[in-house]
Amino acid sequence: RFLLESVADLAATLRKQGSELCVRRGGSADVFSELLHEFQVAKVFAFHEVCAEELRIQAEVKRVLMQYRGAVLELHWGFELYHFEDLQFLKRRGYFPKTYSAFRRSVEEASVRPCLGDVANPKGRSTIAATASWMSAEAIPTLEELGLQDPGPADQRAEVGLWTGGESAALARVEEYIWLTDSLANHYVGATMTTDPAKSCMRDKSFFKISPWLAHGCISPRHIYHEVKRYEKERRSTKSTGWILHELVWRDFVRFGARHYGSKIFKVGGIGDLHPRWEWSWDMERFTAWKDGRTGIPFIDVFMRELSITGYCNHMGRETSGWFLIADLGLDWRMGAEWFESILIDFEPAANWFNWAYRCLPACVAKSLPPMSRLQTVEALKWCAQHDPDATYLKRWLPELTPLPATIAREPWRVQLGNIGAEEARGRSGGVLDGRMGEIATAVPSAVTAPAVAKSPIAPPVQPGRDGAPKRQFTVSRRDLNEVMALGFHELDVAIALKDRSVTDAIAHLMSQNPQLCGCCGLLNEDGAADPSAWHNWYCFRCWQDWGGMPADGKDDVEDADLQAALKLSMGEAPEVPSADAENDVEAAMLAEAIRLSTLEPSPEKCKETVNTDFKALAGFGDGSSFGGFVLGRDYPFPLLEPVSLRGSETIAAEAREAQKQRDTVIAKAEARMSTSGGYQARQHGGRGGGRYVQNPNKPRLENGTELVAEAQSGSAQVEGSGKRCSRWKKSSKTTGS
């Protein structure tokens with residue numbers, strides 16, 4: 001429906017210019033073959049494609065044009081933010097930056113080209129002498145004629161609702177989100193901002209949601225870029241306005257990356273030729289549960305339910321669901337990418353497949369345990385508590401969890417602990433350490449017990465211990481030894497770790513001593529660094545040297561304080577805390593508070609208190625798998641694999657709740673200032689969709705919408721391009737605006 005609406009809007013726009021859109025159905029090459037028999041065609045203009053299937057269609061059309069009348073297919077770069085010809089490093093044969101950070105540094109010296117502007121004649125006359133008449137043109141088909149079912153009215157739970165296709169709707173969204181409501185400057189969080197507890201990705205207005213129009217070419221990224229720059233010049237610049245520009249650059253990284261790697265983004269090993277130690281699965285029951293949002297893990301299910309209903313979910317949800325599909329379910333990642341291709345309203349082949357290969361696939365080698373053992377994507381717990389502390393978003397799309405308190409709604413399997421005391425539950429459960437999150441998760445007792453394995457002796461080392469006394473003999477399971485050694489640890493280290501520990505605890509212990517598994521070579525190494533643009537991808541020193549050096553060896557990123565702090569927190573480093581007076585520098589104070597909350601470690605007493613409180617809340621259960629009227633397994637599915645519960649979940653949620661409350665206060669003050677000052681000075685917003693005024697009715701405006709520039713000191717206004725003044729203009733702290 002979005003595509004049909006986009007075509008209809010294009011037809012209406014062309015009709016206003018005196019031209020009719022020719023609509024035909026069929027393969028691209030076949031349709032052009034028909035047109036060549038009816039018209040003398042000199043040139044066909046189109047944008048460059050970058051993915052295999054689209055390139056094949058492009059080549060077929062070119063062949064048909066050349067075969068019939070020698071027509072030329074002229075291709076241009078316009079789908080991207082930067083023009084290909086302006087990025088000299090892309091012309092180096094066989095070269096493409098390995099990381100987004102390196103790509104971003106490479107494009108800093110280039111500039112974004114201006115938009116072509118309005119095609120309408122300034123005097124309102126038609127730009128086409130006579131209306132073109134098409135032979136054999138068809139009407140725009142309906143969904144029924146295409147054999148498709150109308151999706152029906154928009155789901156009321158969706159923030160934007162049902163997207164309307166076309167340039168007109170896209171321009172209206174830009175006008176509303178950037179200019180009319182100031183949502184970009186005040187509310188925008190961004191697709192990759194997952195580290196700041198004050199900025200939730202699961203709240204309304206936190207996303208621009210312009211991606212469907214970008215994906216289908218209804219609006220240009222350059223138009224958005226220049227609108228944001230104009231906003232920064234005429235109103236104000238914030239962290240959020242800078243972040244949306246950063247994500248437009250990311251879009252180019254994905255696009256040009258797909259062009260460089262070609263068909264690799266569709267192959268099972270991806271762009272890095274990554275292969276897990278286990279075999280990929282094609283289990284359709286697991287896959288169906290995943291795509292339908294019935295995995296039993298709420299943070300995964302909430303996004304998959306939203307996706308199936310609206311065709312959209314945010315980047316954090318797509319990425320976490322991808323990690324879960326790969327590392328926890330062990331399913332071939334291409335099944336997930338195919339599903340996203342079939343359901344996403346903002347599907348674009350490069351964005352979808354490159355993101356899966358670059359961001360999600362490394363999970364197949366980053367996790368220590370094989371799939372279907374226990375939940376390893378701990379982000380599904382940590383981020384759920386941080387971004388949705390009151391489970392508001394969960395309950396919006398998973399209404400069956402409504403009766404549950406927030407903590408249990410995030411982890412419904414906690415109801416199984418209703419008749420288990422806290423100490424007993426902790427005694428029966430092992431610990432899982434996820435190195436990327438730095439959080440200890442307590443495993444819920446599993447009903448499956450591993451079979452006993454006979455012990456085989458390990459020859460004692462002949463060297464004495466550190467204290468000079470001979471080392472004592474001990475035995476470990478050869479099977480356990482081999483299982484842990486397969487991760488790359490030394491045999492003696494593994495044997496010592498297994499001495500008094502289970503396999504899971506031994507792995508956790510060894511990972512805490514050697515915490516990093518290289519996402520490229522797959523070996524454990526002490527020296528290395530995370531990719532700042534894809535923080536979950538850690539690479540060893542040797543692999544970094546093959547790519548030109550560690551991130552710290554290159555040029556320092558010149559970014560705003562928020563981005564620098566987020567990158568450092570993602571890499572486990574302590575960012576520099578700015579010293580600022582909260583009253584005079586609110587954004588710096590918010591950043592300082594966000595850093596403090598992100599690096600704060602709950603005290604053991606607080607963790608113990610939180611765990612005990614969690615279990616006390618469950619102590620009154622009559623059934624071990626129920627809470628009030630809610631029954632796990634009946635109202636909401638049991639998890640597909642053994643779950644874990646986040647230790648200190650309430651503490652994380654409470655700190656995030658407080659940080660988000662403070663940010664809401666800052667936003668409310670900013671909006672109040674806008675309201676009491678009557679908004680920004682009058683200016684007609686240009687654009688192909690017509691102008692719109694945002695103005696205090698008590699303030700003057702010239703009839704033709706001429707821009708007014710305030711002179712704060714004199715309290716008057718001067719009309720640009722003339723000597724006229726308007727004495728009723730009140731003093732304003734803003735020198736210009738709209």
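- For the atom pair CG (Leu361) and CZ (Arg334), the distance works out to 10.0 Å, reported to the nearest 0.5 Å.
- Applying the side-chain contact (heavy atoms from CB on, under 4.5 Å) rule to Asp635 yields the partners Phe630, Val631; only residues at least two apart in sequence or on another chain are considered.
- A salt bridge does not link Asp301 to Arg294: none of the charged nitrogens lies less than 4.0 Å from a carboxylate oxygen.
- Of all non-hydrogen atoms in Trp333 and Leu325, the two that sit nearest each other are CA-CD2, 4.0 Å.
- Remark: the backbone N or O of Met202 is not paired with any side-chain donor or acceptor of His387 at under 3.5 angstrom.
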Next item on the list: Determine, stepwise, if the pair Trp413 / Ser645 fulfils side-chain hydrogen bond (donor to acceptor under 3.5 Å, both in side chains).
Entry: CA-CA 8 Å; Trp413 48 88; Ser645 291; 3.0 Å; yes
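- In this structure Ala497 satisfies the side-chain contact (heavy atoms from CB on, under 4.5 Å) test together with Arg501, Ala506, His509, Leu510, sequence neighbours excluded.
- Put simply, CG on Leu404 and NZ on Lys395 are 6.5 Å apart, with the number rounded to the nearest 0.5 Å.
- Listed by chain and residue number, nothing satisfies the ring pair (Phe, Tyr, Trp, His ring centres under 6.0 Å) test with Trp282 (two or more places apart in sequence, or in another chain).
- Residues meeting the side-chain contact (heavy atoms from CB on, under 4.5 Å) test with Ala327, sequence neighbours left out: Ala363, Lys367.
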Next item on the list: I would like to know whether Phe253 and Tyr358 meet ring-ring contact (aromatic ring centres under 6.0 Å, His included); could you show each step before the answer?
Entry: CA-CA 11 Å; Phe253 171 67; Tyr358 181 78; 5.4 Å; yes
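- Here Phe266 and Trp353 bring their ring centres to under 6.0 angstrom of each other.
- Rounding to the nearest 0.5 Å places OG of Ser281 at 8.5 Å from CE of Met372.
- Pairing each heavy atom of Cys384 with each of Leu394, the nearest pair is SG-CD1, 3.6 Å.
- Using a 4.5 Å cut-off on side-chain heavy atoms (C-beta onward), Pro298 and Tyr636 make contact.
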Note to self: Would Thr320 and Glu379 count as a side-chain hydrogen bond (donor to acceptor under 3.5 Å, both in side chains) here? Give the steps.
What the structure shows: CA-CA 7 Å; Thr320 312; Glu379 293 86 351; over 6 Å; no
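- Put simply, the side chain of Trp290 gets close to the backbone of Ser321: a donor and an acceptor are under 3.5 Å apart.
- Taking the side chain as every heavy atom from C-beta outward, Arg305 and Leu398 approach each other to under 4.5 Å.
- A 4.5 Å side-chain heavy-atom check between Tyr393 and Glu306 finds at least one atom pair inside the cut-off.
- Here Trp397 pairs with nothing under the side-chain hydrogen bond (donor to acceptor under 3.5 Å, both in side chains) rule; sequence neighbours left out.
- Phe96 and Phe103 have tilted rings, their planes meeting at an angle from 30° to 60° on a 0 to 90° scale.
- Residues Pro97 and Ala102 come closest through the heavy atom pair CB-CB, 3.8 Å.
- In this structure, Leu481 and Arg478 have side chains that are in contact, with non-hydrogen atoms separated by less than 4.5 Å.
- Side chains of Glu319 and Trp323: a donor-acceptor N/O pair is absent below 3.5 angstrom, by distance only.
- Side-chain contact between Phe627 and Pro412: absent, with no pair of heavy atoms (C-beta onward) separated by less than 4.5 Å.
- Distance check: Ile408 CD1 to Arg414 CZ gives 8.0 Å after rounding to the nearest 0.5 Å.
- Interatomic distance, Thr288 OG1 to Asp283 CG, rounded to the nearest 0.5 Å: 8.5 Å.
- Remark: the Gln660 side chain and the Ser200 side chain contain no N/O donor-acceptor pair separated by less than 3.5 Å.
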Next item on the list: Assess whether side chain to side chain contact (heavy atoms under 4.5 Å, CB included) is satisfied between Asp332 and Met335, documenting all intermediate values.
Entry: CA-CA 6 Å; Asp332 188 330; Met335 298 171 70; 4.1 Å; yes
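- Atom CG in Asp328 sits 7.5 Å away from atom CD1 in Ile297 (nearest 0.5 Å).
- The backbone N or O of Leu381 lies less than 3.5 Å from no partner atom in the side chain of Glu411, so there is not a single donor-acceptor pair.
- Ring planes of Tyr261 and Phe354: tilted class, angle from 30 to 60°.
- For the pair Arg359 and Trp250, the cation sits on the ring face: its NZ or CZ lies under 6.0 Å from the ring centre, inside 45° of the axis.
- Residues passing the side-chain contact (heavy atoms from CB on, under 4.5 Å) test with Arg318 are Tyr312, Cys313, Phe340, Leu344, Asp346, sequence neighbours excluded.
- Judged purely by atom type and a 3.5 angstrom limit, Asn352 uses its side chain to pair as donor or acceptor with the backbone of Ala337.
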Check: For Ile326 and Leu331, what are the C-alpha separation, side-chain angles and deciding distance, and is it a side chain to side chain contact (heavy atoms under 4.5 Å, CB included)?
Finding: CA-CA 5 Å; Ile326 293 168; Leu331 295 172; over 6 Å; no
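- Ala351 and Asn355 get closest at one heavy-atom pair: O-ND2, 2.7 Å.
- Across all their heavy atoms, Leu641 and Leu375 have their closest contact at CD1-N, 3.6 Å.
- Counting only heavy atoms from C-beta outward, the side chains of Cys364 and His275 never approach each other to under 4.5 Å.
- Taking the six-membered ring wherever Trp is involved, the centroid distance between the rings of His246 and Tyr100 falls below 6.0 Å.
- Side-chain atoms of Arg286 come within 3.5 Å of backbone N or O of Leu329 as a donor-acceptor pair.
- Using modelled atom types, one side-chain atom of Asn314 and one backbone atom of Met316 make a donor-acceptor pair closer than 3.5 Å.
- Of the possible donor and acceptor atoms, none in the side chain of Thr377 sits under 3.5 Å from a partner among the backbone N and O of Ala380.
- Between Pro389 and Ala653 the shortest heavy-atom distance is CB-O, 3.4 Å.
- At least one side-chain heavy atom of Gln376 sits under 4.5 Å from a side-chain heavy atom of Ser368.
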